[in-house]
Structures are given as structure tokens and as C-alpha cells.
Amino acid sequence: MPPTNPSSVPVSPVALSPRELVASGGLCAVHQPNFLPRLTTLAKLFAADYWIVLDDVQFTRRDYQHRTRLAALDDEAVQRWLTIPTHLPRGRDTLIREAVIADPALARRRTAGVLRQHYGASSHWPALAQALAPVLDSLVIERQIAKAAELSTRVLLDLLGWRGQVLTSSCLPSRPGRSVRLADLAAATGARAYLCGTGGLAYLDVAPFAAQGVTVVPFRPPVDGIWTSGRRLGALWALAALGPRAVATHFRSTTPEGSAGQPA
């Protein structure tokens, strides 16, 4: 599988190589907290030096903030949703950070059972189960889906050896406007590049980024091999089927040299 460099097609007109971007301030990704995120989402965060958790935008039930898609260990085509029942105190206007888990104790028991049912036969499951234990506990302790989702992503990044920094959008200064706000958030980290997924490229205005000296860089992972279902399937399937070390190797093929996803 040929390596795919997320910085190979810069959108903003800043003439720096990927390595120079990393050295001069790093790469930034902004993404909502997803519960046990998809493979491509986790890969984008792994490629970044900073992940800004976008916790102060509207909660969307059709998104991945409170759910993940699982697959049978021996057949990734056999899939199902794992959903954490979530209550929205302000209805459709509820922000992600305001959403609460409807029945924390039940959510913990059900999540633990479903994950064990799907991945318990994996030789990597003991290590995965140990790493995921705090995530299960957070469903009861925190009672906020945003915190549990963020922790689930941090745990998976830690398993892969990521050395980046996590910040929260609600704690950073930014102006209104979709592209302007993202540019402000990226600039607040001191990053020189903003990693943008293919969905974001459809609407993003690069002018606010260029005004702050931030390059917009497309993140385009491969589409074959383990990536075939990567835009739909949670990354936990790949971790259980292949193990963290093998998945990290795949991820590093999409990560610029010197970034937080590469070995120190």
C-alpha cells in the first residue's frame, strides 16, 4: 500500500514542506468528540500535533458523538451500531458538552458486554479491555457523553503511541463564522497547518487561515486494505483484529515526519 501524506496537496498558498510545517509550529486538527471514533477520524487526529475538541457546537444524533459502528472480528462486513442513550436538556439546541447519558449504569453494563461480545476472542483484547476500563467508568462517573467520548479517543491514541496535545474549543478564543472560527482555533495553538478532512474541504474558506499564516492541508487516507470501511467503522475493530502496533504502522504512513504520531 503506497503511503499517503496528508500534507502532499496544500490548499493554502504557503510554500513549506510537511517537515517544515511540523518544525515551525505543528499540525492542528479540530474535531467533535466521537465515542470510539472511526478509523479515518482517529488517523487524522494521530497525524496532528494538536487536537482541539470541538465541544461547544450543537449535538447531532445522526453523528458519532454518542455511538460507534462495530464489526464482527472475523468479518468486517457484519456490522452493528453501539449507541449510548443520550438526553439533550435543551432539545435540539443542546451543545455537545451539555448532553448527558440517559442511564449511566445501564450504558456501562451494555457497552462492556457488547464490546466483549464482539472483540473478546481477539488475542489483543486483554490489553484493549484494560485500556478501555476508564472509558466504561467515565460513563457513570462523568455522566456527560462529551467527556466519555473524548476519553475514548485519548485512550485509543495513547495505545498507538501518539504524543500530541489535546485542547478544548470552549476554552480557546475564537470569532463566529465556521471558517473564521476554525482558523482562530488553529492559530491559538501556534500551529502552522490545519488538517482538514474531505468533508470539510467542501465548505472551508481558506482565506481566514491564510490571513493568520496557517496552511490548510487536506487529510486523505488510503481507501484500500484496513481503510476500506474506515469512514464508517470504528477504529476498535482494526485494533482488535490487527493490534495497536500494526494499526500504528498503518497510521504512520499517513503522518508527516516529525509530527506527534511519529516515534520520538
Side-chain angles (χ1 to χ4, degrees), residues 29 31-51 53 55 64-74 76 79-84 101 104-168 226-227 229-230 233-252 254-255 259-264:
H31 206 281
Q32 299 166 2
N34 285 182
F35 187 73
L36 297 174
R38 292 167 291 168
L39 189 71
T40 52
T41 299
L42 194 66
K44 183 179 76 169
L45 301 181
F46 183 85
D49 298 285
Y50 305 96
W51 170 31
V53 183
D55 68 335
Y64 293 85
Q65 294 134 23
H66 67 314
R67 62 180 185 167
T68 187
R69 195 186 292 269
L70 308 177
L73 191 59
D74 57 351
E76 64 178 292
Q79 301 180 6
R80 63 159 292 179
W81 285 107
L82 170 60
T83 303
I84 307 298
I101 299 168
L106 178 61
R108 188 193 188 286
R109 289 197 305 272
R110 182 171 176 271
T111 300
V114 171
L115 292 180
R116 185 171 57 251
Q117 175 187 352
H118 274 71
Y119 303 127
S122 166
S123 61
H124 304 288
W125 179 245
L128 293 175
Q130 182 178 4
L132 290 170
V135 178
L136 296 173
D137 291 342
S138 74
L139 296 174
V140 177
I141 297 172
E142 298 289 353
R143 304 175 70 92
Q144 293 177 297
I145 192 60
K147 291 186 179 296
E150 177 187 336
L151 180 59
S152 76
T153 305
R154 286 175 177 259
V155 162
L156 299 189
L157 288 170
D158 286 346
L159 282 170
L160 297 169
W162 187 65
R163 298 174 291 105
Q165 183 177 355
V166 180
L167 303 99
T168 307
I226 69 168
W227 306 97
S229 301
L233 192 58
L236 191 57
W237 174 84
L239 287 163
L242 304 177
R245 182 175 298 180
V247 174
T249 298
H250 282 283
F251 278 17
R252 289 188 183 110
T254 73
T255 304
S259 68
Q262 294 288 356

Which is it for Leu239 and Tyr119 under the side chain to side chain contact (heavy atoms under 4.5 Å, CB included) test, yes or no, and what are the steps along the way?
CA-CA 10 Å; Leu239 287 163; Tyr119 303 127; over 6 Å; no

Side-chain contact test, heavy atoms from C-beta onward, threshold under 4.5 Å: evaluate it for Leu236 versus Leu132 and give yes or no.
yes

Might you point out which heavy atoms bring His124 and Pro244 nearest each other, and give the distance in Å?
ND1-CD, 4.3 Å

May I ask you to decide if the ring planes of Trp81 and Tyr64 are parallel, tilted or perpendicular, using 30° and 60° as cut-offs?
tilted

Heavy-atom side-chain proximity of Tyr50 to Gln165 below 4.5 angstrom
yes

Trp51 (side chain) donor-acceptor with His31 (main chain) under 3.5 angstrom:
yes

Of the non-hydrogen atoms in Pro104 and Leu139, which two are nearest, and what is the gap between them?
CB-O, 3.2 Å

Looking only at atom types and distance, does a side-chain atom of Trp162 sit under 3.5 Å from a main-chain N or O of Leu45, one as donor and one as acceptor?
yes

His118 vs Leu73 side-chain heavy atoms within contact, under 4.5 Å:
no

Go through Leu115 and Leu70 one step at a time and tell me if the side chain to side chain contact (heavy atoms under 4.5 Å, CB included) criterion holds.
CA-CA 8 Å; Leu115 292 180; Leu70 308 177; 4.0 Å; yes

Interatomic distance, Ile141 atom CD1 to Leu136 atom CG [nearest 0.5 angstrom]:
10.5 Å

Excluding sequence neighbours, so at least two apart, what forms salt bridge (charged side-chain N to carboxylate O under 4.0 Å, His left out) with Arg69?
none

Heavy-atom side-chain contact between Pro37 and Ser152 under 4.5 Å
yes

So which atom in Pro33 and which in Val53 form the shortest heavy-atom distance, rounded to 0.1 Å?
CD-CG1, 3.7 Å

Please evaluate residues Leu42 and Leu160 with respect to the criterion side chain to side chain contact (heavy atoms under 4.5 Å, CB included), reporting the C-alpha separation (whole Å), side-chain torsions for both, the decisive distance (0.1 Å), and the verdict.
CA-CA 10 Å; Leu42 194 66; Leu160 297 169; 3.7 Å; yes

Rounded to the nearest 0.5 Å, what's the gap from CZ on Arg38 to OG on Ser229? Could you check?
12.5 Å

What is the minimum heavy-atom distance between Gln79 and Glu76, and which atoms define it?
NE2-O, 2.9 Å

Asp55: partners by side chain to side chain donor-acceptor pair (under 3.5 Å), with sequence neighbours left out
Ser169, Ser170

dist Phe46:CZ -> Thr40:OG1 (nearest 0.5 Å) comes out at 15.0 Å

Tell me if the CZ atom of Arg80 is crowded by more than 12 foreign heavy atoms within 6.0 Å.
yes

If we ignore hydrogens and angles and just use 3.5 Å, is the side chain of Thr153 paired with the main-chain N or O of Ala149 as donor and acceptor?
yes

Is there side-chain contact between Asn34 and Gln65, with at least one heavy-atom pair below 4.5 Å?
yes

Let me confirm one number: the CG-OG1 distance from Leu242 to Thr249, rounded to the nearest 0.5 Å.
10.0 Å

Least distance between heavy atoms, Ala240 atom then Leu128 atom
CA-CD1, 3.7 Å

How many angstroms lie between CZ in Arg67 and CD1 in Ile84, if you round to the nearest 0.5 Å?
12.0 Å

Min side-chain heavy-atom separation Leu82-Arg110 under 4.5 Å
yes

Full working for side chain to side chain contact (heavy atoms under 4.5 Å, CB included) between Trp227 and His250:
CA-CA 9 Å; Trp227 306 97; His250 282 283; 4.2 Å; yes

For the atom pair CZ (Phe35) and CD (Glu150), what is the distance rounded to the nearest 0.5 Å?
13.0 Å

Search all heavy atoms of Ala238 against all heavy atoms of Val247 and return the closest pair with its distance.
O-CG2, 3.5 Å

